[in-house]
Amino acid sequence: MFKALLRKEMMELLTGFSGSRKQKRSFASQAILMAILFLIVFGSMGFFMYQIATVFAQLLISVNQTWKFFAIFALIAFGWGVLGSVSMAYGHLFRAKDNDTLLAMPIPPRMILLARMLGLYILTLFMQLMIMVPVLIVAIMQQMLSPLYIILYVVGTLLLPLLTIVITCLLAYLISLIAAQLGDKFKKALTVVLTLVFVGVYMVFYPKLISGGIGQDLDANALAMKGMEYYGFPFYALGRGLAKEPLWYLIYVLVVLAAFSLVWLIMARSFLRITTTHKGSKKAVYVERKASVRSQNKALLDREWRHFINNPMYILNCGLGLFFLIGIAVYAFIGKDTLMQIRNAIGVGSLLVFAAWAIIYFITSTVDITAPSISLEGRTIWQLQSMPIPTWNILLAKLKLQWYLCLGPVIIAVAGLSLVLQLGVWDALLLLALTLIYCALQAEMGLFFNLLMPSMDWTNETAVIKQSKSVLFTMLLSMAFAGVVALVGFLWAFYVMEPIIYLCIIGAVGLVLNILLLLWLRRRGTARFESL
Amino acid sequence: MLRIEHLTKSYGNVKAVDDLTLHILPGQIYGFIGHNGAGKTTTIKACCGILQFEAGEIYIDGVSIKDDPIGCKRKIAYVPDNPDLYEYMTGIRYLNFVADIFEVSAEDRAERIRRYADMFELTSDLAQPISAYSHGMKQKLALIGALLHDPKLIIMDEPFVGLDPKAAYEVKQVMREICDNGSAIFFSTHVLEVAEKLCDQVAILKKGRLIRSGTMEEVKGDESLEEVFLELEDVHV
C-alpha cells in the first residue's frame, strides 16, 4: 500500500518534469533535452559551488578546522533546501486535490502524509545535491575524506533533506493550525506573510552565522560557532562526525531520524482533521454594480494578475524575488557600511555598476512568473483557445504581468543601491537600463521554456509551480548566466577591456536575446500554444 | 450556420473522426449522439477551433475556421462537458471577463447577466469564488458565460450533465428560444429522451463515422430513438 502511494507521488513528480502527454516529442529527444539542460544547470551551479568550496577548504584546512567546512556547507545546503521547499510544503502536504480520494480509501492517514513528505524529500534532495556534490569533489581533491568517510558523507547527504523538511513541515503545520482557526479567507495571506517572515529571519541571521565562522574576527568567529553548536547543532554534529569523530556522526544520524519521526508522528495525529476541516468564510453578498468595460488586453492582464495573487504558492515560488528586490534597497541603507567597503574595494565607475547589476540580476533571476503560466492554464485552457483572441495577446498578457510587477521593485532596488553607492546619474541610468533589459528577458525565457515543456495534466497547481522543468531551468539558467557573466568579467574581460565596454556588450547581448525570444514567441510560441 | 465537410481527425493511427459531413442550419437544434469515444467531443472541439484537424473543412456562417479562426470564434459559444473555469475568480468577475473578451457593452452584459443568473438561480452566488461552486453551479455559470455575447451558434458538449431538473428545464427553454431567434445549437448528449424531444435534427456517430443523420422522423421512423440507437450500435462500421 505504501509502495503504491509512493509510486503515485513519484508519478506526480515525473509528470511535473516530463511535461504534457500531448507533446509529441519522442522519449529519446526528451531524454537528450533533459540531459543537456541538467548538465548546464548542474554544471554551472556546480562550478560556482566548487569555486567557493575550494576557497573555504583551503582556508579551513590551514587552520586545522575541517569540521567547519562540512558544517558550513551542510548548513548552506540545508538553507538552500528550505528556501526551495518552504513555500510548497503546506499545499503539498495538506491541500492536494486527491485528498478526498485517498482519504476515502483504506489507507492510514499517516501513510498518506509520509508518502507526501517523501515527495518533498526527493525534491529537496535534488536541490541539495547541487551543493553537496561539488563540496564532496572538493573534499576528495583536498584529501579531507578517507573512503569510509566518503560513504559517511554520502549517507549524511541523503539524511540532510529529512532535516530540511522537518523545518518546512513544521512551518506548514503551523500555517494549517492557524488557518483552521481563522478560516480560508485569511489562509492565503497568512501563508505568504509567515513564509516571508521565515525567509526574512533566515536572510538576516544565516549569512552572519556563516561569515562569522570563517572571518578573521576571533570573537565573531567564536560567537558564530557557538551559535552553530546550539542552533545548528545537527550541522555541527555532522561536521565533527566527518572530521573523523564517529560519535558525533552517530549523534547526527540519530538527531535527524528522531526529529523527522517526531514531526511525522505529531503531524499524522492531526492530518485527518486538518485536511477535512474547511472553516470556510462568510458568503459574500452579490450587489449588482455597473461593470467597467475593459479592452481584451486589459481583461487578459487582469486575469493573469488575479491568478497570481490568488495563489500563495505562485507568489512565493515565482515572485519571491520581488520582495528581495525591495529588501536589497532596504539593506542598502541598513548595511551601508558593508556596501561602502565594497565600493572602496572596487572603486567608482563602471565596475561598480557591474557589481550592482550582478547583485540585482541574481535576485531577479528568482522572479519567474511566466515560467509556469502556460502549465497553470491546465484544464481551463479551452476557454482561451475557444475565445476570439489573437494567441499572441494571450502570451503578451503573461509577459506584461511579469514586466509590470518587476518594474517598481527594480526601480526601488536600483535607486537604493545607486544612492548608497553614490553612483552618478549616467551610471545609475546604465544600471537601470541593464537591469530592465534582463528583467524583460527573464519573463520571455520563462514563457519560452514553458511553451517548450508544458505540463497540462497536473492534479495540483503546486506541482507545476514548483516542480516543472520550465520553472527550474528558467531560474537556474538565469542564475548560472549571472554567475558566468560575473566570472568572465572578473577573470578575463576586465583585464582586456574597459568595464564600460563589457557592460555595453552585456547590454547588447541582452537586447539581441530579447528580440530573438520575442520573435520566437510570436511565431513558434503562438503555434505551440494553439496546439496544446 | 455550421457546415462540416469531410472532417477527419486522427490520434496517432486511430481515426477519431472519419470523413464526417454535417450541415446545421440557422434556427436548428442539432443533436449529436454516439457511444463513449465515438468522436463527438473531437468533432465539437474542432468546430470551436480548439483542435486542429488534418483533413476536411469546417465553416461557421460561411467562413472557414482555418482561414479566420478569430472571426468564427466571435460567432460561437462553447460549453464543454466538464466546466473547468477560473477558480481564482468570482462568478461575476468571470462573467465580466468573458464579456470583455467578446466586447459586450455594459448595458447588454448587465441585462443578460441579470436575466440568466436569475433564471438559473445563481444571482446570490455571483460574488462567491468559483472554487466554492458545485459542479452544477459551474455548469450554469459556463452556460451564462456562453450566452452573454448573443452567439449565432452555440456548441455544447453534454450540457445537461450536473444540472438540477429545474436548470435542465430552463436550459431547454433557452435553447429553443435562441433557435427561434435565428441562432443554431449543436450539442452532444447521452440522454436520448432529451434529444428526441428537443432536437430538430440528429446525427448518430459510431467509431468516428456518421451512421445516420436527418430529421428526427427520418432517423427514428416509428421507433423510439433509443431503439434505433441500440440497433445501430450493433451495426458494423
Side-chain angles (χ1 to χ4, degrees), chain A residues 21-22 24 95 97 184-185 188 278 280-311 314 376-394 397 456 461 526-527 529-532, chain B residues 11-12 45 47-52 68-80 82-110 113-114 117 122-129 131-132 142 145-146 149 155 157:
Chain A
R21 271 176 247 144
K22 279 187 181 176
K24 289 169 189 163
R95 289 287 170 252
K97 283 197 173 171
D184 290 346
K185 195 178 173 185
K188 289 171 185 167
H278 296 281
S281 50
K282 201 177 165 189
K283 186 177 174 180
V285 180
Y286 173 65
V287 181
E288 189 182 319
R289 289 192 188 90
K290 192 171 188 296
S292 56
V293 178
R294 298 166 303 180
S295 67
Q296 278 193 348
N297 289 341
K298 277 189 180 161
L300 286 169
L301 185 60
D302 181 67
R303 190 191 73 99
E304 296 294 336
W305 164 245
R306 304 248 158 235
H307 200 169
F308 181 67
I309 55 160
N310 271 289
N311 190 334
Y314 200 6
L376 281 173
E377 297 293 344
R379 293 192 192 95
T380 65
I381 198 163
W382 65 269
Q383 296 190 79
L384 290 179
Q385 288 178 331
S386 65
M387 285 174 164
I389 324 165
T391 309
W392 171 238
N393 290 1
I394 298 168
M456 313 300 286
E461 280 195 341
T526 50
F529 184 87
E530 284 159 14
S531 68
L532 289 172
Chain B
Y11 295 106
K45 284 186 173 177
C47 291
C48 298
I50 58 179
L51 192 68
Q52 286 151 9
D68 183 11
I70 304 282
C72 288
K73 286 174 187 177
R74 280 203 188 98
K75 297 170 189 166
I76 303 175
Y78 169 53
V79 182
N82 208 349
D84 289 305
L85 307 177
Y86 302 129
E87 303 217 336
Y88 47 88
M89 288 186 182
T90 60
I92 187 66
R93 200 175 286 282
Y94 171 75
L95 292 177
N96 275 313
F97 169 72
V98 175
D100 285 333
I101 295 296
F102 282 95
E103 295 163 343
V104 182
S105 70
E107 294 73 29
D108 284 348
R109 77 173 70 174
I113 289 172
R114 199 179 306 127
L122 206 63
T123 307
S124 64
D125 294 296
L126 284 180
Q128 289 287 96
S131 57
H149 66 286
I155 300 174
D157 201 353

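Residue numbers begin at 1 in each chain, while the letters A, B, ... track the order of the sequences. What's counted below: heavy atoms across the whole structure, side chains too, no hydrogens, waters or symmetry copies.
Proximity to chain A (any heavy atom under 4.5 Å) is restricted, for Tyr94(B), to the side chain, taken from C-beta onward. Within the 4.5 angstrom heavy-atom criterion, only side-chain atoms of Asp302(A), from C-beta onward, approach chain B. Contact of Thr90(B) with chain A is not made at all, since no heavy-atom distance falls under 4.5 Å. Residue Ser292(A) touches chain B through its backbone alone, counting heavy-atom pairs closer than 4.5 Å. Residue contact with chain B, scored on non-hydrogen atoms closer than 4.5 Å, is absent for Ile309(A). Only the side chain of Arg109(B) comes within contact range of chain A, with at least one heavy atom under 4.5 Å from a heavy atom of that chain. Interface remark: Ile92(B) contributes side-chain atoms only to the contact with chain A (heavy atom separation under 4.5 Å). Both the backbone and the side chain of Leu384(A) have a heavy atom closer than 4.5 Å to some heavy atom of chain B. Contact of Val285(A) with chain B is made through the backbone alone, with heavy-atom distances under 4.5 Å.
Chain A forms the most heavy-atom pairs under 4.5 Å with one residue out of Pro80(B), Gly49(B), Gly71(B), and that residue is Pro80(B). Contacts with chain A were tallied for Asp125(B), Ile70(B), Asp100(B); Asp100(B) has the most, counting heavy-atom pairs under 4.5 Å. The candidate from Glu87(B), Arg93(B), Arg114(B), Glu103(B) with the greatest count of non-hydrogen atom pairs under 4.5 Å with chain A is Arg93(B). Residue with the most contacts toward chain A among Thr123(B), Ile101(B), Ile113(B), Leu126(B): Ile101(B) (heavy-atom pairs, distance under 4.5 Å). When each of Asn310(A), Val287(A), Thr380(A) is checked for heavy-atom pairs under 4.5 Å with chain B, Thr380(A) comes out on top.
Across all their heavy atoms, Cys48(B) and Lys73(B) have their closest contact at O-CE, 3.6 Å. Heavy-atom minimum distance, Trp382(A) versus Asp84(B): NE1-O, 3.0 Å.
Below 30°, between 30° and 60°, or above 60°: for His307(A) and Tyr314(A) the angle between ring planes is above 60°, a perpendicular geometry.
With sequence neighbours excluded, the residues forming a side-chain contact (heavy atoms from CB on, under 4.5 Å) with Ser124(B) are Lys283(A), listed by chain and number. For Glu530(A), there are no salt bridge (charged side-chain N to carboxylate O under 4.0 Å, His left out) partners two or more places apart in sequence or in a different chain.
Remark: Arg306(A) fails to qualify as a cation-pi partner of Tyr86(B) under the 6.0 Å distance and 45° angle criteria applied to the six-membered ring.
Put simply, the side chain of Gln383(A) never gets that close to the backbone of Val98(B): no donor and acceptor are under 3.5 Å apart. Panel note: side chain Gln296(A), backbone Pro388(A); a donor-acceptor pair is recorded below 3.5 Å. No donor-acceptor distance shorter than 3.5 angstrom exists from the side chain of His149(B) to the backbone of Lys75(B), with no hydrogens or angles considered.
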